[in-house]
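Notes follow the structure.
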Amino acid sequence: MVELTLPRNSKITAKGKSYKGEKSPSSDKAPDMRTFKIYRSDPDSGENPRVDSYEIDVSDVSMVLDALIRIKDTLDPTVTFRRSCREGVCGSCAMNINGANTLACTKGMDECGSGDVAIYPLPHQPVVKDLVTDLSKFYEQHAAIEPFLQSRDEPEQEHIQSHEQREKLDGLYECILCACCSTSCPSYWWNGDKDDGNEYLGPAALLQAYRWLQDSRDDEKSRRLDYLDDNFRLYRCHTIFNCTSVCPKGLNPAEAIAGIKRMMVERAK
Amino acid sequence: MAKHGTAHFIAQRITALALVPLAIWFVFALLSHGGDTRADLMEWIAGHPWSVAIPLAMLVLVGFYHMRIGLEVIIDDYIHKPDLRGMLHFLNTFVALVAGAIALWSIIAITLIA
């Protein structure tokens, strides 16, 4: 039946610890103490996850990622999270902040309201440790849509594309594969990795599938559509739109999926 | 059940569109026969084969087909055990076929036989 129960050892039952920081020495403003409630899990230890509280001065902190780095630097070096570019380009620091998936590096402290800030890993993914999730399946699904140019032309120099043809890729190629969209989608939670190869590819992979379907230089449209013509791979999208509302790059995967469905219907005529 | 999603997608939308006028007609038709007895209703169906019996038969056919493919989506979404899913797909088709056949036979019987 419906899987409503959580996997073993995944409920937050362990007692969380509290850490209290001091006023930031580098800040010349009045201290602004804020509490961050961070999901802590170490599956290897066999213990259940817990939520630890960290109170730090954020008077000179602009982004949530900066706050996380301050917590790791000054209070608890064991807090584990991915980060790299700190400017919304690499997609490493995707996590669930105050209930919505986003990039910690582009989420401003001024967008977090005035209360505590809750930070959890991306939903419904296996947790490696704390805020780090295992995205192997997600990357597999991206690979499955063959995200590369397949052209039968072999031009002497470059493949020529008009401005109009190029513009069709705007809003599609910018995806950084942070997984915020797919892991915010309830249909992806339930069907992203179902059984017997029945799996919903999720908004991120489908956005990229559409990116290659829209590419004037690509000659494999028909084969790409054949692969997607499946009740699970494509048609598990029930237009929930969580993907579009959380995308930290402001892209619209839901529209791209609708575009694929439109291409399917036009092809079937 | 997993393959050829597009045919399923199109069928679901076309039947939904067809059900809009059929359902509206059905509701208004029933409202205008509020106080009728069973015999009146049978007479109403049998007496108007083109304007009542045929739209009613279409409503039954399209409605049960739409119900079957709609439930199929819900079963695929929520049932995680492959065996149970297969069984429910069979049951879903079976119930829709039997219920549809009984309804259709009733309309034919009222119109042509009774």
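Heavy atoms only: backbone and side chains are in, while hydrogens, waters and symmetry mates are out.
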* Test item: H238(A) and V73(B) side chains (from C-beta on) under 4.5 Å apart, heavy atoms -> yes
* Under 6.0 Å from the CD atom of E255(A), do we count more than 12 heavy atoms belonging to anything else shown? -> no
* Structure fact -> Within residues 25-37 of chain B, contacts to chain A at heavy-atom distances under 4.5 Å involve none
* Structure fact -> What one should report as the nearest heavy-atom pair of A268(A) and T6(B) is CB-CG2, 4.3 Å
* Asked: Applying a criterion of heavy atom separation less than 4.5 Å, what residues of residues 8-24 of chain B form contacts with chain A?
  -> H8(B), F9(B), I10(B)
* Please list all pairs passing the salt bridge (charged side-chain N to carboxylate O under 4.0 Å, His left out) test where one or both residues lie in residues 82-103 of chain B, with sequence neighbours left out. => D195(A)-R85(B), D76(B)-R85(B)
* Asked: Is the count of non-hydrogen atoms from other residues, nucleotides or ligands lying under 6.0 Å from Q150(A) atom CD greater than 12?
  -> yes
* Asked: What residues, two or more places apart in sequence or in another chain, satisfy side-chain hydrogen bond (donor to acceptor under 3.5 Å, both in side chains) together with R50(A)?
  -> D52(A)
* Asked: When you look at NZ of K168(A), are more than 12 heavy atoms from neighbouring residues, nucleotides or ligands closer to it than 6.0 Å?
  -> no
* Asked: So, K194(A) side chain and D77(B) main chain: donor-acceptor pair closer than 3.5 Å or not?
  -> yes
